[in-house]
Amino acid sequence: MKIRFVTSLACLTLVAGATAHAQEYPTKTITMIVPFAAGGPTDTVARLIAQSMGTRLKQQIIVENVGGAGGTIGAARVAKAAPDGYTLFLHHIGQSTAPSLYRKLPYNAVDSFEPIGLVTDVPMTVVARKDFPAKDAREMIAYVKANKDKVTYANAGVGSASHLCGMLLMTALGTEMTTVPYKGTGPAMNDLLGGQVDLMCDQTTNTTSQIKSEKIRVYGVTTKTRVASLPNVPTLNDAGLPGFEVGVWHGLYAPKGTPKPVIDNLAAALQFALKDATVKQRFADLGTAPVPDNQARPEALRTHLKAEIDKWAPIIKKAGVYAD
Ligand code: ASP
């Protein structure tokens with residue numbers, strides 16, 4: 001009896017302690033892990049929301065880039081981090097494709113994380129180095145079909161959005177290209193600009209300014225309708241790849257076990273950031289928009305992630321792509 005009493009008292013003290021900490025949160029700098037290199041599109045989205053969320057939380061949020069293996073190295077780091085609200089994770093659609101692409105993952109994409117909310121859904125663009133010998137999508141399709149693996153395709157590793165888009169492109173064209181993996185499409189863009197690699201498919205958050213300044217070629221956007229910030233760029237569907245559609249949704253997570261009051265506090269800060277006029281304007285300039293309030297919530301991200309895992313599993317299986 002006595003032992004039981006002592007145990008429950010200890011539990012009560014622990015719960016009270018956790019609640020008190022959650023109420024004080026945050027008392028120090030928060031780290032937001034991006035599973036790709038600095039200067040790329042996921043990094044851009046993270047830095048924009050981190051700054052505004054930091055304002056709301058009255059604590060700085062620093063972005064740490066942990067790139068490699070298509071985002072899975074960063075995800076593994078977060079899955080092992082302390083669930084105290086001081087490690088956050090901004091990832092994209094790759095969180096839903098990795099479980100089908102990797103035979104072994106050192107984490108569970110759903111169970112190792114606490115969802116905070118969806119952030120944005122970013123269109124992609126198929127782009128090429130400026131002197132690639134194809135002026136439009138039809139010429140690009142013909143060129144790739146004729147030259148196959150002589151054409152090089154940059155991506156951010158198996159599990160990245162650029163990998164997924166490339167996989168869909170190669171399936172649609174019925175041919176392989178030679179894949180060149182990077183730790184993120186920030187460095188990949190540098191090589192595309194330098195002419196060291198031929199093609200890439202990447203978020204408008206990374207390609208818009210290069211397209212506008214005509215430093216790279218663009219063949220189309222991956223959305224159903226044209227993107228307002230790139231009005232002259234056709235949809236790939238209209239440009240010769242019927243039904244070619246993919247959007248890169250982004251979500252914010254914390255390690256599993258992060259206390260609910262902390263998650264709720266972070267979701268409120270995310271909703272604040274997504275209504276911030278500067279964030280909205282930057283997103284619009286880069287071809288995207290923040291999700292509405294009802295999507296920037298844990299339940300919305302949890303539901304979306306599970307649905308996307310189920311959606312991509314058969315497509316990836318059919319493509320026969322996997323990594324160890
Ligand atoms: N856009 C990249 C991807 O293909 C990642 C990045 O560098 O943000 O997933």
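Just follow the structure's listing: the first ligand is 1, and inside any ligand the first atom is 1. Just so you know, these numbers come straight off a predicted model, no measurement behind them.
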Given the rule in the side-chain hydrogen bond (donor to acceptor under 3.5 Å, both in side chains) test, do T204 and T125 qualify, once you have shown the distances and angles that lead to the verdict?
CA-CA 6 Å; T204 53; T125 45; over 6 Å; no
Could you check whether the rings of H92 and H250 sit parallel, tilted or perpendicular, using 30° and 60° as the cut-offs?
perpendicular
Please confirm whether D202 approaches ligand 1 to less than 4.0 Å, judged on its heavy atoms.
yes
Under 4.0 Å from a heavy atom of A161: which atoms of ligand 1 are those, numbered in the order shown and with their elements?
3 (C), 4 (O), 9 (O)
Are E64 and R77 within salt-bridge range, i.e. N to O under 4.0 Å?
yes
Judged by non-hydrogen atoms, does K183 sit under 4.0 Å from ligand 1?
no
What's the shortest distance from atom 1 (N) of ligand 1 to any protein heavy atom, and which residue and atom give it?
Q203 OE1, 2.6 Å
Could you please spell out the steps behind the salt bridge (Lys or Arg N to Asp or Glu O under 4.0 Å) verdict for R226 and D238?
CA-CA 10 Å; R226 289 188 183 216; D238 291 346; 5.5 Å; no
Under 3.5 Å, N or O to N or O, is F36 touching ligand 1 that way?
no
Determine the sole option in N190, D191, N155 for which the side-chain hydrogen bond (donor to acceptor under 3.5 Å, both in side chains) test with Y182 is passed.
D191
H92 heavy atoms within 4.0 Å reach ligand 1 at atoms 3 (C), 9 (O)
Which of the atoms in ligand 1, numbered in the order shown and given with their element, are less than 4.0 Å from a heavy-atom of S162?
3 (C), 4 (O), 9 (O)
Under a 4.0 angstrom heavy-atom cut-off, which atoms of ligand 1 come close to S160?
3 (C), 4 (O), 9 (O)
Which residue is it: Q295, H91, E308? I am looking for the one with a side-chain hydrogen bond (donor to acceptor under 3.5 Å, both in side chains) to W249.
E308
Nearest heavy atom to atom 6 (C) of ligand 1 wins, so pick from T205, V34, T185.
T185
Distance filter under 4.0 Å to G184 heavy atoms, resulting ligand 1 atoms:
7 (O)
Within the structure, does T42 bring an N/O atom to less than 3.5 angstrom of an N/O atom in ligand 1?
yes
Short side-chain to backbone donor-acceptor contact, T235 and T225, under 3.5 Å:
no
NZ/NE/NH1/NH2 to OD/OE distance under 4.0 Å, D276 and K280:
no
Within less than 4.0 angstrom of ligand 1, does P41 place any heavy atom?
yes
Heavy-atom distances under 4.0 Å are what count here, so tell me which part of H163 touches ligand 1: side chain, backbone, both or neither.
neither
Is it true that the NZ or CZ of K28 lies under 6.0 Å from the centre of Y86's six-membered ring and within 45 degrees of the ring axis?
yes
